[in-house]
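Reviewing the structure listed below.
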There are 2 protein chains.
Amino acid sequence: MARHPDHRPVETVETAFDILDVLRHTTSAGITEIADELDLAKSTVYRHTKTLESRGLVVRNGDTYRISTWFLDYGIHVRNQHPLFDVATPKVDELAAETDEKVWCVIEENGVGVHIYGAEGRHSVRTHARIGKRTALHQFAAGKAILAHLPADRAERILDEYDLAAQTAQTITDRDELRSQLETIRERGYALNYEESVSGVHAVGAPVKDESGDAIGAISIAGPANRLSGELLTDDLPTLLLGATNEIEINLAHS
Amino acid sequence: MARHPDHRPVETVETAFDILDVLRHTTSAGITEIADELDLAKSTVYRHTKTLESRGLVVRNGDTYRISTWFLDYGIHVRNQHPLFDVATPKVDELAAETDEKVWCVIEENGVGVHIYGAEGRHSVRTHARIGKRTALHQFAAGKAILAHLPADRAERILDEYDLAAQTAQTITDRDELRSQLETIRERGYALNYEESVSGVHAVGAPVKDESGDAIGAISIAGPANRLSGELLTDDLPTLLLGATNEIEINLAHS
DNA sequence: GCGCGCGTTCGAATAGCGGGAACAAACCTT
DNA sequence: AAGGTTTGTTCCCGCTATTCGAACGCGCGC
């Protein structure tokens, strides 16, 4: 495990997923449209698309194709078998009912945060977040909570890779500032987000750690900035949230 | 469109998805395990898996791999952009709140029913249904409602293909019986399910039709057999349900 | 400590992928 | 109505990229 052999990827597989990516971004597209976009011969795209269609992975609608609900089956399966899902879901529901705000369960995968479950409170804010949404870890409360509780070298490598892109004017883009925030987060156990991912939205996030103390995910509570402020944001909600994540960690260890 | 050209599929793509299928069924597997299952050389599986990993489509955990949450992103995207999703979701929630039972939104794709959204009522039965679940149309209320409102030739072709496999002892396996039920369903506008998909569970299903009168999906209400019986099952719930699907159809036409 | 089993690497052979050109049908435009 | 444009579809050839099998090195457990 030292050398870099030439690991050339299987190009045919890459083009297949390139095609699927085009279909994912364009809702529905035809053969020529895809071929133009990817700079491939029509015949190549044709054969690939027919292959995917025969597997049921894309669905034909007249002369255009869209990706099929098999991906929903694959995706929900992935989510449901994640160790955090079963134990976190009921707690997320509880938190949403108690706080009346939007509550998310986020896991870490390859250095990004993935929203795997969300519960609506009665006064939930509507953001563009949705199940499956991937967000850079430094841009939101749950992500920062995860980042702060990852092994130091992994955290640094993740920061190297994603380079602190800004999402709003408040997003932390300075590495030193982020480092000191992460330190604070480690000390008090939870993270705050002041309009760093969506303007007008504040949030609290707390990590869910495994036996070795590394974060495998996080839970967050988000709401409008004017409602989530003062002691509610810095005391009441964190207390509630930490209680929940603590319970989740215990259940996680015994499952 | 008469001859049978030799439509040979792209085999490399097929093996890639064969690998993904193995990973989907086994939670997590190693290179050799996959290679044995598929009768492929270890080196082939190795290269494919590394390709999928470099795209983030599978995730490595020590020496085993699992499929990644990208499929959740793909899948939820497919669901959200389905025309039925946005208009059906609020109605499904309403029905669940009003009836206190489990309510599902199902769409038809390639002759199978796909559960794309479900809402819990306070007394929901727990079945093995979940988002993304695919079910043969003849086996459940929503599916029969769809089948009854598909163009006759398409419906027949679907029945040819799936051959009326039984799910419980009550599942309709006789084609003539099914045909006469579908006729009844067309007349009264809704379908009933007496333990045909899950023993102990009854359900009502009604189709959602597009402008041309063909079903694109259906909504169903399911609950324990002893609670869902008598006039509730044959009168009250159908009335409620048909009101909802009617509204959905109107909203669908204006969107 | 020895061996089985795992992931990993390499090279070689061939089959299968990709491209381009040509066809057919549908669709506008005129 | 006719011709031009664009689409999906088919065919075939050449070359490359995929596949396989064998060999290596490592770690785990018997």
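In the text below, chain A, chain B and the rest are named by the order of the sequence lines, each starting its count at 1. Remember, predicted model here, so these are calculated numbers, not experimental data.
Set against dT19(D), dT8(C), dT9(C), the side chain of K42(B) has dT8(C) as its closest nucleotide.
Both H48(B) and S43(A) sit near DNA chain D, but only S43(A) has its closest nucleotide nearer the 5' end. Positionally, the nearest nucleotide of DNA chain D for I31(A) lies more toward the 5' end than for the other of I31(A) and V13(A).
For residues 19-28 of chain A, proximity to DNA chain D is found at no residue, defined as any non-hydrogen atom under 4.0 angstrom from a strand atom. Against DNA chain D, the stretch residues 49-57 of chain A makes heavy-atom approaches under 4.0 Å through K50(A). Within residues 58-69 of chain B, the residues that have a heavy atom under 4.0 Å from DNA chain C are, in order of number, R60(B), D63(B), Y65(B).
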Distance-only donor-acceptor pairs under 3.5 Å for side chains of residues 85-92 of chain B, two or more places apart:
| unit_1 | atom_1 | unit_2 | atom_2 | d |
| --- | --- | --- | --- | --- |
| T89(B) | OG1 | F85(B) | O | 2.6 |
| K91(B) | NZ | E247(B) | OE1 | 2.7 |

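Screening residues 31-40 of chain A for side chain to side chain donor-acceptor pair (under 3.5 Å), with sequence neighbours left out, gives no hits.
Ion pair R24(B)/D21(B) flagged as a salt bridge, since at least one NZ, NE, NH1 or NH2 atom sits closer than 4.0 Å to an Asp/Glu carboxylate oxygen. Of the charged side-chain nitrogens involved, at least one lies within less than 4.0 Å of a carboxylate oxygen, so that D73(B) and R130(A) count as a salt-bridged pair.
Shown here are the side-chain hydrogen bond (donor to acceptor under 3.5 Å, both in side chains) partners of S212(B), two or more places apart in sequence or in another chain: D210(B). With sequence neighbours excluded, no residue satisfies side-chain hydrogen bond (donor to acceptor under 3.5 Å, both in side chains) with E249(A). By the side-chain hydrogen bond (donor to acceptor under 3.5 Å, both in side chains) test, E14(B) pairs with R55(A), sequence neighbours left out. For H48(A), the ring-ring contact (aromatic ring centres under 6.0 Å, His included) criterion is met by no residue, not counting sequence neighbours. Residues satisfying the side-chain contact (heavy atoms from CB on, under 4.5 Å) test with R134(B), not counting sequence neighbours, are T69(A), W70(A), E109(B), V112(B), V114(B). Taking the side-chain hydrogen bond (donor to acceptor under 3.5 Å, both in side chains) definition, one finds that R179(A) meets it with E156(A), D176(A), sequence neighbours left out.
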Checklist entry - Could you spell out the base pairing of DNA chain D in dot-bracket, with Watson-Crick or G-U pairs whose two distances are under 3.5 Å, [ ] crossing and | to another strand? => result ||.||||||||||||||||||||||||||.
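For H82(A) and Y117(A), the ring centers sit 6.0 Å or farther from each other.
Residue-level contact check: T32(B) touches the backbone only, with heavy atoms under 4.0 Å from sugar-phosphate atoms and none from bases.
Between E11(A) atom CD and dC15(D) atom P there is a gap of 17 Å when expressed in whole angstrom units. Computed from coordinates, the R8(A) CZ to dT8(C) P distance equals 18 Å when rounded to whole Å.
Put simply, T12(B) has a side-chain N or O that comes within less than 4.0 Å of OP1 or OP2 on dC17(C).
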